[in-house]
Amino acid sequence: MSARLIDGKATAARVLAEVAGDVAALKARGIEPALAVVLVGSDPASQVYVRNKVLRAGEVGIRSLEYRLGAEASAAEVLEVVEGLNADASVHGILVQLPLPAHISETQVLQAIDPAKDVDGFHSENVGGLSQGRPVLTPCTPAGCMRLLRDTLGDLAGKHAVVVGRSNIVGKPMAALLLAADCSVTVLHSRSVKPQRLCGQADIVVAAVGRPRMIDADWIKPGTVVIDVGINRIEDDGRSRLVGDVDFDAVQPVASAITPVPGGVGPMTIAMLMHNTVTAARQQHAPSAQE
């Protein structure tokens, strides 16, 4: 029996509908959630990502602001924009699109964002809070994976989850979220010994390593739920196509449920960004924030 497809598009649509309801409720209180997106340079992929984020914001009623700087912009110029947005009470979320040009320190810029407005969840205060189990703004892709897992499995407590990859953007926060959900968590990386055997013990596999089709059926035990975060462009039979870190055709007959690529995790990332923006707006206007 083939695995059930985990439909990220449908789940993202539900999240966005929930966000639209939350936005309407905030507007009824005189609060208009606003997201500022800062883009430095003209990277084609970044241009597409920013356009999609602005479109989704408009669909759910979030006001969006775009700040575009040339690739030659200095770190001081980028930081000046961020500092201005930090000071603007009408802006609730700030996102600096990555990657930045090589001459600008991503760490310096991300650390300059007010943690309360850090809707990407990359500031060290939010990273630390996540590891401590505190309610913080959480990186969007791992948060989207958790929503897909909960919708698929319900209670995750006691499940053995294996995260393949230890990046700061996906792997590490993913492991922290799974721990918070009472999973037993193993993180595999390039120096792991016998990773295939370890992965084969998992009830849940989250693949986020950036290597096309690396995980095949030999890595997966029957009945495992597989979340494929990878987005890799390859040439296949003379055509360019997107594939994940999981060999979908090989793994689907073994797993109980699996995300496709595209159409799985991808749509969830922007949906969770909108969710984080509304959360940030709500928290910034909470009574405790005004005392």
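These numbers come from a predicted model, not from an experiment. Both backbone and side-chain heavy atoms feed into the values below; hydrogens, waters and symmetry mates do not.
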Less than 3.5 Å apart, which donor and acceptor atoms pair up between the side chains of residues 29-39 and the rest of the protein, not counting sequence neighbours?
none

Distance-only criterion, 3.5 Å: show the donor-acceptor pairs between side-chain atoms of residues 193-212 and protein atoms not counting sequence neighbours.
unit_1	atom_1	unit_2	atom_2	d
D203	OD1	K221	NZ	3.0
D203	OD2	H160	N	2.8

Can I get a per-line list of side-chain donor-acceptor pairs under 3.5 Å for residues 122-130, giving both atom names and the distance, sequence neighbours left out?
unit_1	atom_1	unit_2	atom_2	d
H123	ND1	E125	N	2.9
H123	NE2	Q111	O	3.1
S124	OG	Q111	OE1	3.3
S124	OG	Q111	NE2	3.0
N126	ND2	P115	O	3.1
N126	ND2	D118	OD2	2.9

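Within the structure, salt bridge (charged side-chain N to carboxylate O under 4.0 Å, His left out) pairs that include any residue of residues 275-285 comprise D22-R282 (at least two apart or interchain). For residues 70-83, the side-chain hydrogen bond (donor to acceptor under 3.5 Å, both in side chains) pairs, not counting sequence neighbours, are S74-E77. Identified under the side-chain hydrogen bond (donor to acceptor under 3.5 Å, both in side chains) test for residues 264-273, with sequence neighbours left out: T141-T269. Evaluation of the side-chain hydrogen bond (donor to acceptor under 3.5 Å, both in side chains) test over residues 84-105, restricted to residues two or more places apart or in two chains, returns K53-Q97, R63-S90, D88-S90, H92-H285.
Applying the side chain to side chain contact (heavy atoms under 4.5 Å, CB included) criterion to V251, with sequence neighbours excluded, gives I220, V226, V246, A255, I258. Among residues two or more places apart in sequence or in another chain, the salt bridge (Lys or Arg N to Asp or Glu O under 4.0 Å) test is passed with D120 by none. By the side chain to side chain contact (heavy atoms under 4.5 Å, CB included) test, A10 is found to be paired with D7, R14, residues two or more places apart in sequence or in another chain being considered. Partners of S192 according to the side chain to side chain donor-acceptor pair (under 3.5 Å) rule, which considers only residues two or more places apart in sequence or in another chain, do not exist here. In this structure R68 satisfies the salt bridge (Lys or Arg N to Asp or Glu O under 4.0 Å) test together with E66, sequence neighbours excluded.
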Worked verdict on K172 versus S167 for side chain to side chain contact (heavy atoms under 4.5 Å, CB included): CA-CA 6 Å; K172 291 175 183 176; S167 72; over 6 Å; no
